[in-house]
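Here is the structure we will look at, set down as structure tokens.
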2 protein chains.
Amino acid sequence: MSAAKQKLPEMRARLFDGRREASARLENLLSRKQQEAFRSIATVFEYRRGGTVLFTEGTDASFVYSVAEGIVRVCRHSDGGRRQVLAFMLPGDLLGLPDSGTYANTAEAACPCTLYRMPWAQLRELMQREPALQLNLLEKVAYDFREAQRRIMVLGQQNTYQRLASFLADFIQQPAFFDADTATLTLPLTRFDIADYLGTAPETVARGFLRLEQEGLLRRVGPRVTEIRDIEGLRKLQHRKRRAAR
Amino acid sequence: MSAAKQKLPEMRARLFDGRREASARLENLLSRKQQEAFRSIATVFEYRRGGTVLFTEGTDASFVYSVAEGIVRVCRHSDGGRRQVLAFMLPGDLLGLPDSGTYANTAEAACPCTLYRMPWAQLRELMQREPALQLNLLEKVAYDFREAQRRIMVLGQQNTYQRLASFLADFIQQPAFFDADTATLTLPLTRFDIADYLGTAPETVARGFLRLEQEGLLRRVGPRVTEIRDIEGLRKLQHRKRRAAR
DNA sequence: CGCAAATTTGAGAGTCGTCAAACATAGTGG
DNA sequence: CCACTATGTTTGACGACTCTCAAATTTGCG
């Protein structure tokens with residue numbers, strides 16, 4: 001039962017008080033009519049190569065993007081120049097909301113991608129005509145906020161091995177990347193991307209995969225392809241202590 | 001120049017596109033009239049002792065709180081039972097917004113506190129009568145979201161020593177806890193609170209203070225009172241590499 | 001096929017979590 | 001008012017974890 005078919009008063013009530021949504025993918029939050037309005041101001045963009053920059057932190061924010069296909073990495077650079085991946089945006093996600101008129105972070109295609117691009121001015125205008133849309137925006141920000149809090153839990157409490165397990169457990173939930181029939185996870189991400197997401201080094205990620213393989217939780221088919229052998233085992237890892245007692 | 005005096009159409013535009021606010025303290029976001037409306041539904045609560053639970057994650061969310069005095073720690077417990085402090089809420093901050101009808105995390109007074117408590121139902125009703133209020137709420141969530149992203153940067157890139165420096169640098173910005181004249185920082189938090197906030201152990205926090213003292217950046221007056229000797233030095237720490245090269 | 005980039009593996013050392021114990025502090029009851 | 005006790009803090013020791021440097025190996029692409 002999709003939220004898109006609810007009547008407007010119900011949609012208002014859903015925010016904060018309603019059922020918990022599995023995700024806040026854009027299309028799940030919009031009525032059919034709203035989706036059409038979106039499409040009327042959106043342009044399709046294809047990025048053939050990974051690494052292409054969509055926008056840079058600090059620059060004027062004119063466009064908002066929605067991922068149609070592929071993975072976009074949203075990152076920020078510390079003063080030391082080191083990159084931190086704040087989030088991977090997956091198909092259906094919305095990104096590029098202005099913060100005080102500029103982008104708060106940098107977005108790059110992590111692999112060949114297709115996305116929708118909309119002028120922020122037009123989207124804002126649309127929202128003023130349809131207040132319900134604005135509420136959807138709030139829902140979206142609230143969802144991203146909760147996701148960020150989950151990241152804080154992972155980064156604050158887990159060792160690198162557990163973080164990798166958490167990362168894989170999350171992506172297993174995404175049918176676009178995990179084929180449940182063959183238990184095959186296909187991630188178009190480099191070890192650098194994963195390392196910068198987990199706050200560790202690419203070597204440590206490689207060693208994490210090695211250990212997960214040795215413990216029988218998965219099998220490395222290729223650098224981007226993994227056969228998951230024990231989903232429950234991956235999940236259980238997160239609940240252990242960060243460090244072996246002596 | 002406070003945003004509170006702007007006319008309503010301007011307030012609408014301020015969101016996402018407006019000037020960057022130093023903080024999103026509640027009173028800065030509300031017009032005088034709105035503040036009065038808030039006060040009319042709010043009750044003052046005093047918590048004499050630190051450790052008192054305001055609300056628990058997973059329980060029904062009936063009330064929203066605003067800190068008047070003291071520090072509230074917002075935390076969540078991992079399945080292993082370990083506590084992670086997601087944020088410290090300071091005077092002016094709003095907390096306890098329902099997530100799908102329940103609290104997403106636990107809030108406890110970190111020290112003797114005074115706060116305002118409002119029934120969520122009444123606040124929601126108030127928002128429906130005054131759409132501008134709803135926009136303020138969005139602003140608030142967006143602010144918390146950006147704060148969470150900053151935490152991700154710190155937890156993902158910095159070692160425990162740098163995290164402690166970041167933590168202190170943040171609190172130096174708060175006049176309620178830092179007396180600029182005497183350069184004295186008075187934090188009613190235990191080493192456990194700080195450790196759970198920084199994702200480390202209390203012993204490591206203590207050693208961090210020791211090292212900061214040895215390097216001349218501060219002087220420990222007492223466990224809760226610190227004399228800051230080199231603010232710029234604290235800030236610079238964050239920009240260094242996480243680890244000494246060999 | 002050949003090169004550039006990514007990944008893996010190895011070695012060594014810096015960091016920090018854990019256990020233990022000494023010490024300080026604040027709150028309590030006599 | 002003081003001893004007492006519970007709680008919080010500091011210090012020490014040790015080993016687990018993982019970052020860094022280096023090099024071998026594999027992968028992806030033109």
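Chain letters run A, B, ... following the sequence lines, proteins first and then strands; every chain starts at 1.
Looking at A/R211 and A/E215, a side-chain N of the basic residue comes within less than 4.0 Å of a carboxylate O on the acidic one, giving a salt bridge. Between B/D170 and B/R150 a salt bridge is recorded (basic side-chain N to carboxylate O distance below 4.0 Å). Checked for salt-bridge contact, B/R240 and A/D79 miss the test: no charged N lies under 4.0 Å from a carboxylate O.
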Nucleotide-resolved protein contact map, nucleotides 14-21 of chain D, B/S/- at heavy-atom distance under 4.0 Å | SBBSBBBB
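Aromatic ring centres of A/Y197 and A/F167: separated by under 6.0 Å.
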Below 3.5 Å, can you tabulate the donor-acceptor pairs from side chains in residues 47-63 of chain B to any protein atom, sequence neighbours excluded?
from  : atom 1 : to    : atom 2 : distance (Å)
B/T52 : OG1    : B/R49 : O      : 2.7
B/E57 : OE2    : B/H77 : N      : 3.3
B/T59 : OG1    : B/T56 : O      : 2.7

Between B/N105 and A/Q149, is a side-chain contact (heavy atoms from CB on, under 4.5 Å) present by the stated rule, with each step listed?
-> CA-CA 10 Å; B/N105 33 50; A/Q149 289 192 323; 3.6 Å; yes
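The distance between atom CG of A/L210 and atom C1' of D/dT26, rounded to the nearest whole Å, is 15 Å. Between B/L187 atom CG and D/dG8 atom P there is a gap of 16 Å when expressed in whole angstrom units.
A close approach under 4.0 Å does not occur between any side-chain nitrogen or oxygen of B/R220 and OP1 or OP2 of D/dT9.
In terms of modelled atom types and a separation under 3.5 Å, the side chain of B/S166 and the main chain of B/L164 share no donor-acceptor contact.
B/S78 and A/Q157 share a side-chain donor-acceptor pair at under 3.5 Å.
On the nucleic acid side, DNA chain C has its first and last nucleotide under 4.0 Å of a heavy atom of chain A at C/dT7 to C/dC19, going 5' to 3'.
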